[in-house]
Every structure is written in structure tokens, then in C-alpha cells.
Amino acid sequence: MLDLKLIRSDPELVREGLRRRGAQAESALDRLLELDRQRREILVEVEERRGLRNVVSEQIAQFKRDKMDATAKIEAMRDVGDEIKRLEAGLKEVEALLEEELLQVPNLADPTAPEGGEEDSVVLHQWGTPREFAFSPLDHLDLAAPHDLIDMERGARTSGSRFAYLKGDLVFLQFALVQFALQKLASKGFRPVVVPVLVRDEAMYGTGFFPTDMQQVYRVEADGLNLVGTSEVPLAALHMDEILDEAELPLRYVGYSSCFRREAGAAGKDTRGIFRVHQFDKVEMFSFCAPDRSAEEHDFMRSIEEEVLQDLGLPYRAVNIAAGDLGASAAKKYDLEAWLPTQQRYREVTSCSNCTDYQARRLKVRGKGEKGGAYLLHTLNGTVVALGRTMIAIMENYQTEEGLIAAPLVLRPFLPAGMNTLGR
RNA sequence: GGAGGGGUGGCGGAGUCCGGUUGAACGCACCGGUCUUGAAAACCGGCAGGCCGCAAGGUCUCAUGGGUUCGAAUCCCAUCCCCUCCGCCA
């Protein structure tokens, strides 16, 4: 959510910011300004009358204490009370419209986010060299098949398309990655958390997934809960409505959870294997930090993501996502894309976003120091390891001519003793 | 799921029966000061947040949303959450 005061005081700045996000975002601005004007107009009237009521109520109380007759005053206030009620109803209506409008406006893009849309993201750098294969490499499904590591058919039978059973050594690989990631992050000051994956609407609105991405979310209607698409949601909501001591900042967490996405609108896209599925597990980092430190925290997160891919020996490139392609909450986003030999291109495996105060404003997460005065924090989130996609990258990049998969060295301490290759 | 009890400031905890100078006693924590070589103790002072406003100031908030009333932390209704007991259960 954007700051209404900023919208009011510098509409042109906001207009330009929204233009960079895409035209439809910009059109809301004039409606916002008008609703805000209306709100303040009514507010002044309501407050005037409430002030009067407070003063007279006080007098009535005094009269009663003095055992004097207050009937005349009470009589006079009856109309004022009704009028307040009427005005309050109008105010509520305008505020509801304003809120609805405001919830849909995305965050302003950071000046350093590239101009443009999906095609205009900028490659910052790349690391590693795609491996030259002396044989023709198999994709993850073909590699999995002889060892029965991924069972799409039965996944579909049980749950539908885009669901899978992961089996055997792949399960060991997944948990080795989790353990590797958690230990690395813990050593960097991120507190491990296993989060609730069913959350209330508040958490979805608070993180900016509602209302914009509602169609991507599995909803458990009977209980009014939602399955999260990332542990970013429960991690962000962890400090909802709190005022944090600024001495504790940045407050860093690393969450582990299953993630659920409906993938609405992705029909026909990435239909092979587990690259794009409705359910996957992910290790995610999250940080609450002081507003003037978030840019630096963002780069720190990206460096961690890069370190993970480097440790795993996966060639990748880092991309600065263009303004028009950012999620609703993000002001700036980096993606890391790992090389997939069978697709002969880099595909997104991790991503980290600086949401500035956008989520904090919705969730009411603030900081406060010795000097007093609460202020909104900045929130950042980043993937440490998206298990499915990372395992695809490992399988493809580490395959042998015999159709086996070598285990990355850094993971071996976390695999069953002696398991140096996967798939037997 | 059934029966009770409860949600007040950073924390603890009054106030709710009997509605009115209570945005909220008191204590702890924290910040500033006096004293001290320094610290502790003692003493003095400060210490919620939102909204409107250039400001002065006003207004709102005692889980949330409605209602009653001239006036609600206090009364009524609904919702959410927490605790205890019973039942069920990984």
C-alpha cells in the first residue's frame, strides 16, 4: 500500500511511478485523490460535531454532579448524535472505497529498476560456464525415469496435473538441500522458522498477494483460510501489528514450507516435469529492516542467493527485473536464473525483492528506537532454495553419460553416507 | 465438538457489577537529570499509536465489528483469539 500522504502531496511523482508499472495502475490515481478529498471534507465535519458532543457531555456530567437539571442539554445533543451517525456512515463509505482502491495500487518501482516490461529486464552479470556435454544430455524427467525418482502419472491420478510424487534418492537430495540452506542461513543470522501454510485473509492482503493475485491462491473456504504460495506470507505476518525495537534490526528469518500455487493462466506453460507444479517446497529468507538500510539488505540477500548457486556449482546469471514486470509489493527485484542444458537457456530458480514499506504499511510493522517515534520498516524476501527447480538444475547439470546424477560436493555431508550419485 | 473463564499501554496489573474530568491508577522496564570517583540505591522528570491540521489544537483507539445512550473500557449482540475442564485425535 502506498502512503496516502505521498499521493496527496506529490501526485506527479506517484503518477510517474505508476506509469513505470504499467498504464492500468496509473488510472487509479485520480480516483484516489478525489476520494481522499471527500474523506477529509467529511472528516472535518464529523470531528467538529464530535468535539461539540464531548464538550457538552462534559457539561452534562458536571450538571449531574451538581444535582442540576441537564434535560435541556441532553435534548439539544440528541440531534447532534444523529448527525454524527449520519456523517460517520458517509465517512465509512468513502473510506471503504478509498481502501479498496488503495489496496489495488502496486508499490512504486525503485529508480534503479529498469524501465519497461518482461522483455526489458537487465542481466547484471553471470557466473560459471555452461558445461559442454560429450553426449546429449537428458532433461530431469528422462533422468528420473529409470530410477523412478519422479512420478508424474500417479501424481496426476491422485491430485491432478502438475502434481508429482518425488521418490527415493531425490527425497534425500531435497532434504540435503534444505539442511544445507538452513545451516548456511542460520550462520548468517537468519533464525529458522517452520511457518503455518494456511493463513487468514489479513496475511494475504498484508503481503500484497490479495487482491491482485487472488486467482493464484488455493482457498479453504470452509475455514476462511488460504494456502500460501510462499513462506514470505507467514514470515511477513509474523510481526503484524507490532512495533519492533530498532536495536534488533535487521530481524532476519529463514522459513521452510511447502508452497501452493494454482498457476492460473499458465496453462500449457512448462508442462513437462516438476518445473511448474501446484505444490513444491522452498526455503525462503525474510528480513525486516530499517528504511535507510533496505537497499543494502537487498544486495546482501542477492549475494546469499548467489553464494548458494556457486556452492552448488550451478552456472547462473543475475537479472534486474524491469519495473513493469514486478509483483505488486516489490519496488525492486533480482532474479537468479540457472542454466538448464536441455533448454539451452537460463531459467529462474531464485528471486529476491525489496518491498520497501509497502507490506509494512499494510501489516503495520513498525520500528522504534531510543528517540521514540514509530516508523514503518522495510521488508525484503528472497528464495534461498526452491527445491523443485534447484533439483532440476542439479540433475541436468550433474548428469553422467550413464544417466546417473553426481551429488554436488557441498551436499554430500547431508546425504546418506556414501551416496555420491543419485539414482540407483 | 460440549461446559466455563478471559482479551486494557513495552510487560505486569487496576478499573467493568453501580456508564460521566480515565487514553486509562499502581508497579516493572526504558530514557533524561540530581547525587556518586564510577556503579548501585534513593530522589525528580519523561515515556502509546492512528487520523486531520502550517500550527495551536482537535479527533479516534481499552481484541474486532455493530447496537443502546446526551455520553461506553464499563451495558447488549455478533465475530476472532487465548486459557481451564470434558470428549475426540496425528
Side-chain angles (χ1 to χ4, degrees), chain A residues 1-10 32-103 194 196-206 219-226 234 237-249 251 258 288 291 357 359-377:
Chain A
M1 197 151 66
L2 296 183
D3 184 2
L4 200 52
K5 283 181 187 157
L6 177 70
I7 295 174
R8 194 187 303 142
S9 66
D10 199 348
L32 281 171
L33 287 168
E34 171 57 18
L35 286 167
D36 177 51
R37 195 194 57 71
Q38 286 179 26
R39 184 184 81 95
R40 282 181 299 155
E41 191 177 294
I42 302 173
L43 190 64
V44 169
E45 292 214 33
V46 178
E47 293 201 349
E48 256 171 28
R49 283 167 179 77
R50 288 205 279 229
L52 175 66
R53 182 180 67 186
N54 287 344
V55 169
V56 178
S57 287
E58 193 48 48
Q59 293 170 353
I60 291 171
Q62 190 59 48
F63 269 45
K64 296 240 168 171
R65 274 191 296 274
D66 296 345
K67 303 279 190 272
M68 289 164 66
D69 179 32
T71 321
K73 282 186 184 296
I74 290 175
E75 208 48 54
M77 288 320 285
R78 202 156 275 154
D79 290 343
V80 176
D82 290 343
E83 206 169 353
I84 289 174
K85 244 168 221 164
R86 186 179 58 75
L87 286 166
E88 277 177 343
L91 183 65
K92 225 182 128 180
E93 206 173 304
V94 172
E95 284 183 333
L97 288 171
L98 185 62
E99 169 93 352
E100 194 189 328
E101 205 64 66
L102 208 47
L103 280 173
V194 173
V197 294
L198 281 166
V199 303
R200 297 173 182 236
D201 291 347
E202 278 173 278
M204 298 305 290
Y205 278 105
R219 181 168 174 81
V220 181
E221 199 55 61
D223 297 283
L225 294 171
N226 308 282
L238 186 57
H239 292 298
M240 175 161 56
D241 291 321
E242 291 184 29
I243 298 177
L244 305 175
D245 181 354
E246 80 185 359
E248 295 172 7
L249 302 178
L251 200 52
S258 292
F288 296 90
D357 62 9
Q359 294 180 326
R361 182 169 294 108
R362 291 172 169 230
L363 290 165
K364 298 188 189 66
V365 185
R366 288 166 296 176
K368 190 177 175 180
E370 286 178 9
K371 279 165 255 150
Y375 51 88
L376 292 168
L377 295 179

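Chain letters run A, B, ... following the sequence lines, proteins first and then strands; every chain starts at 1.
Here, B:C75 and B:G20 have their P atoms 11 Å apart, quoted to the whole Å. With both ends at atom C1', the span from B:U34 to B:A41 equals 13 Å, rounded to whole Å. Atom name C1', nucleotides B:C76 and B:G19: the rounded distance is 13 Å, in whole Å.
The side chain of A:A374 sits closest to B:G49 out of B:G49, B:C52, B:C80.
By the salt bridge (charged side-chain N to carboxylate O under 4.0 Å, His left out) test, A:E58 pairs with A:R65, sequence neighbours left out. The side-chain contact (heavy atoms from CB on, under 4.5 Å) test applied to A:D82 returns no partner, not counting sequence neighbours. The ring-ring contact (aromatic ring centres under 6.0 Å, His included) test applied to A:Y205 returns A:F210, not counting sequence neighbours. Residues satisfying the side-chain contact (heavy atoms from CB on, under 4.5 Å) test with A:I7, not counting sequence neighbours, are A:L2, A:L4, A:V14, A:L29, A:L32, A:L33, A:L102. Evaluation of the side-chain contact (heavy atoms from CB on, under 4.5 Å) rule for A:E34 yields A:R37, A:Q38 as partners, not counting sequence neighbours. A:E48 pairs by the side-chain contact (heavy atoms from CB on, under 4.5 Å) definition with A:V44, not counting sequence neighbours.
A donor-acceptor pair is defined here as one N or O able to donate and one able to accept, closer than 3.5 Å; such a pair exists between the side chain of A:R362 and the backbone of A:L103. Although no hydrogens or angles enter the test, the distance criterion places no donor-acceptor pair under 3.5 Å between the side chain of A:R49 and the main chain of A:I84. Remark: the backbone N or O of A:V199 is paired with a side-chain donor or acceptor of A:N226 at under 3.5 angstrom.
Taking atom NZ of A:K5 as the reference point, atom C1' of B:G53 lies 11 Å away to the nearest angstrom. Rounded to whole Å, the distance from CG on A:L4 to P on B:G53 is 10 Å. A:E45 places its CD atom 15 Å from the C1' atom of B:U59, with the value rounded to the nearest Å. The CG-C1' distance, from A:L376 to B:G50, rounds to 11 Å in whole Å. With rounding to whole Å, A:I84 atom CD1 is found 13 Å from B:G58 atom C1'. Atom CD of A:E242 is separated from atom P of B:G49 by 15 Å (rounded to the nearest Å). Atom pair A:E48:CD and B:G53:C1' shows a separation of 13 Å (rounding to whole Å applied). Rounded to whole angstrom, the span from the CD atom of A:E95 across to the P atom of B:G50 amounts to 16 Å.
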I'd like a list of close polar pairs between nucleotides 87-90 of chain B and the protein, N/O only, cut-off under 3.5 Å.
none

Extract from the structure each pairing of a protein N or O with an N or O of nucleotides 46-48 of chain B at less than 3.5 Å, listing the distance.
| from | atom 1 | to | atom 2 | distance (Å) |
| --- | --- | --- | --- | --- |
| B:A48 | O3' | A:K368 | NZ | 3.3 |

Ignoring hydrogens and angles, write down the donor-acceptor pairs under 3.5 Å from the side chains of residues 73-81 of chain A, residues two or more places apart or on other chains.
| from | atom 1 | to | atom 2 | distance (Å) |
| --- | --- | --- | --- | --- |
| A:K73 | NZ | A:Q59 | OE1 | 3.0 |
| A:E75 | OE1 | A:R78 | NH1 | 3.2 |
| A:E75 | OE2 | A:R78 | NH1 | 3.2 |

Under 4.0 Å protein heavy-atom contact, by nucleotide of nucleotides 60-75 of chain B - B base, S sugar-phosphate only: S----SS-S-BS----
Secondary-structure string, 5' to 3', Watson-Crick or G-U under 3.5 Å, | for another-strand partners, for RNA chain B: ((((((((.[[[..)....(.....]]].(((((.......))))).(((((....))))).[[[[[..)....]]]]])))))))....
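Using a 4.0 Å heavy-atom distance criterion, A:R49 is classed as making no nucleic acid contact.
RNA chain B is contacted by A:R39, A:R40, A:L43 of residues 33-44 of chain A, taking any non-hydrogen atom closer than 4.0 Å.
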